[in-house]
Colleague: 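Have a look at this one.
Any value given below was found using the heavy atoms of this structure, including those in side chains, with hydrogens, waters and symmetry copies removed.
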Amino acid sequence: MTRFTDSVGAMLLLDELDVAVIIIARDDESIRYANRRVCKDLGLGRKEIQGRCYRNVFWPEFLPVFDRLLARCELGGKHKTIYYWAEMMMWEQISARLIVWNGAPSILINIANISDVARSEFKFENIAYFDNLLKLPNGAKLEEDINELASLETVALLYFEIERFDDINNLYGWDNGDALLKQIRDWMLYSETRRSRLYRVNNGFALLGRKVTLDDACDRAREIKRRFAKSWTLTAGGNSLQLYCTINLGVVYGKYVKNEMRNLLLRTIRTRRNAKVGYSVYDERADQEAKRVLILRDRLINSIFNDMKGFDIHYQPIVSAGARQWVAIEALCRWRDADGNNVPPLEFIPVAEQLGLVDHIDRWVRNSAMRLCAELGLVKRGFMLDVNFSPTQKI
């Protein structure tokens, strides 16, 4: 193991290097030395860096990278990794090795800016794994990072989407919508104090936290909810714009964090939220229900656009006791799904309303019922056909 001392000559030499050099003590994870390049990159003085735990100095998105390097160093040898620093839009090569610094076991970390080389070498990866607007890793990168985790026992995923974000774009313009997303990204990065990495996933944001408890994840979820209870201030055309927006937020913890996370995250925020805290925590039973609803939606769409396949009308006669004859019939819509299961109207009608397809059902029931009345010769004065319509329809 190489031995170093903090002699004046050694520090002057390290200060002249065009790479960031950090020395971290193995016992308490404090920074024993940081050269001039580190101070410049962080915008801090050397006294503000040295002596502090590296977790309290570096940006949260760096911490998982450092943690992996430090763990590998314990196995011996020199280790390297390539990292994209989204906030500074830089590619960096980070290397670490065990040393003895002033007689104490330490870890030497070098960080070199390789952006010029990486922009061409990693151009495809940047396109495939990073969001172009926010310069954050995307859903594909999230799933790749999850696959690389050695253990899921203390891993947490938080995910949230802005409700009716399209309305914000339509009302205030895409530029303001983009500015809002960037402001949310900046707050998420600066307020993150745990071992988490921020991702742009689907139409929202995800946090992947390592070595955290479920309580930690729920604390962070409440912190995010509190921030969204306040306005976001944007500047548009020299004017200040106050935007309030609500979010759907879900937490997935431990063994449930697995591949194909993007779909699971969407299902999680769509399950019934805890009204008291305002977010959902993944539960297998709730997820099964969410999956069932998705299947129901898909089958309902296919039935409606396949000539109303599976739909039927049950007719209930209304008989006058005195005249002992039909005076009306009530048309009742029924539906069997692709597996032949009877789905109650109270279940499929609300789904059809959400999909904007209930008018197709109403029109089909009305026309079919009127045609049957004509075929049976029931089109006469005083006879009534009773057809129920969705309250969302204008008759």
Colleague: State whether R32 and D27 are salt-bridged, where the test is any N-O pair (Lys NZ or Arg NE/NH1/NH2 against Asp/Glu carboxylate O) under 4.0 Å.
Modeller: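 Salt bridge present between R32 and D27.
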
Colleague: Taking D186 for the side chain and L189 for the main chain, is one N or O donor matched with an acceptor at less than 3.5 Å?
Modeller: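 No.
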
Colleague: Checking R220 against W187: charged group under 6.0 Å from the ring centre and within 45 degrees of the axis?
Modeller: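 The answer is yes, since R220 meets both limits relative to W187.
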
Colleague: Taking atom CE as the centre, does M308 end up with more than 12 heavy-atom neighbours from other residues, nucleotides or ligands that are less than 6.0 angstrom away?
Modeller: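 Yes - once you tally the heavy atoms of other residues, nucleotides and ligands closer than 6.0 Å, there are more than 12.
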
Colleague: Under a 3.5 Å threshold, yes or no: a donor from one side chain and an acceptor from the other, between D215 and T213?
Modeller: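 Judged by distance alone, the side chains do not pair up.
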
Colleague: Go through the structure and list residues passing side-chain hydrogen bond (donor to acceptor under 3.5 Å, both in side chains) with S95, not counting sequence neighbours.
Modeller: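 In terms of side-chain hydrogen bond (donor to acceptor under 3.5 Å, both in side chains), with neighbours along the sequence ignored, S95 is linked to no residue.
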
Colleague: Is any side-chain heavy atom of S231 less than 4.5 Å from a side-chain heavy atom of Y244?
Modeller: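 The answer is yes; the side chains approach within 4.5 Å.
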
Colleague: Please collect all ring pair (Phe, Tyr, Trp, His ring centres under 6.0 Å) contacts where either partner lies in residues 196-220, sequence neighbours excluded, each pair once.
Modeller: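 As it turns out, the ring pair (Phe, Tyr, Trp, His ring centres under 6.0 Å) pairs with a partner in residues 196-220, which skip direct neighbours, are F160-F205.
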
Colleague: Taking all non-hydrogen atoms of both residues, which atom of A352 and which atom of L300 are closest, and how far apart?
Modeller: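 Here A352 and L300 meet closest at N-CD2, 3.8 Å.
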
Colleague: Apply salt bridge (Lys or Arg N to Asp or Glu O under 4.0 Å) to R226 and list each qualifying residue two or more places apart in sequence or on a separate chain.
Modeller: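 Expected list: none.
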
Colleague: Atom SG in C333, atom CG in D362: separation rounded to 0.5 Å?
Modeller: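 One gets 8.5 Å once the value is rounded to the nearest 0.5 Å.
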
Colleague: When rounded to the nearest 0.5 angstrom, what distance separates CG in L152 from NZ in K255?
Modeller: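 L152 CG to K255 NZ: 11.5 Å, rounded to 0.5 Å.
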
Colleague: Using the salt bridge (Lys or Arg N to Asp or Glu O under 4.0 Å) rule, take D67 and R210 through it: C-alpha gap first, then chi angles, then the decisive distance, then the call.
Modeller: CA-CA 10 Å; D67 290 342; R210 300 170 176 83; over 6 Å; no

Colleague: Report the C-alpha separation of D178 and K182 in whole Å, then their side-chain angles, then the decisive distance to 0.1 Å, and conclude whether the salt bridge (Lys or Arg N to Asp or Glu O under 4.0 Å) test is met.
Modeller: CA-CA 6 Å; D178 290 347; K182 290 177 181 178; over 6 Å; no

Colleague: If we ignore hydrogens and angles and just use 3.5 Å, is the side chain of D28 paired with the main-chain N or O of S30 as donor and acceptor?
Modeller: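 Yes, D28 side chain to S30 backbone: donor-acceptor pair under 3.5 Å.
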
Colleague: May I ask you to test the V21-L108 pair for a side-chain heavy-atom distance under 4.5 Å?
Modeller: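 Yes; the side chains approach each other to less than 4.5 Å.
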
Colleague: Ring of W101, cation from R26 - is the NZ or CZ under 6.0 Å from the centre and inside 45° of the axis?
Modeller: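 The answer is no; the distance or angle limit is not met.
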
Colleague: Answer yes or no: are there more than 12 heavy-atom neighbours, outside Q183 itself, under 6.0 Å from its atom CD?
Modeller: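 Buried by this count: over 12 neighbours within 6.0 Å.
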
Colleague: Among D337, L294, V343, V351, exactly one meets side-chain contact (heavy atoms from CB on, under 4.5 Å) together with R299. Which residue is that?
Modeller: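 Single pass found, and it is D337.
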
Colleague: What residues, two or more places apart in sequence or in another chain, satisfy ring-ring contact (aromatic ring centres under 6.0 Å, His included) together with Y256?
Modeller: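 Once residues adjacent in sequence are excluded, the partners of Y256 under the ring-ring contact (aromatic ring centres under 6.0 Å, His included) criterion are Y282.
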
Colleague: Nearest 0.5 Å please: distance from the CG atom of L265 over to the CG atom of L249.
Modeller: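 The CG atom of L265 sits 10.5 Å away from the CG atom of L249.
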
Colleague: For the residue pair R336 and S303, confirm or rule out a side-chain donor-acceptor distance under 3.5 Å.
Modeller: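 No pair is found: no donor N or O on one side chain lies under 3.5 Å from an acceptor on the other.
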
Colleague: E223 versus R227: any side-chain heavy-atom pair under 4.5 Å?
Modeller: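 E223 does not reach R227 side chain to side chain.
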
Colleague: Taking atom CG of L98 and atom OG of S106, what is their separation to the nearest 0.5 Å?
Modeller: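 The distance works out to 9.0 Å.
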
Colleague: Kindly state each residue pair satisfying salt bridge (charged side-chain N to carboxylate O under 4.0 Å, His left out) with at least one member in residues 303-318, sequence neighbours excluded.
Modeller: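 Residue pairs passing salt bridge (charged side-chain N to carboxylate O under 4.0 Å, His left out), neighbours aside: none found.
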
Colleague: Just wondering, do L17 and R37 contact through their side chains at under 4.5 Å, heavy atoms?
Modeller: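 SC-SC contact between R37 and L17 ruled out.
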
Colleague: Mind jotting down which residue pairs meet the ring pair (Phe, Tyr, Trp, His ring centres under 6.0 Å) criterion with at least one end in residues 163-185? Sequence neighbours excluded, please.
Modeller: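 Residue pairs with at least one partner in residues 163-185: there are none.
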
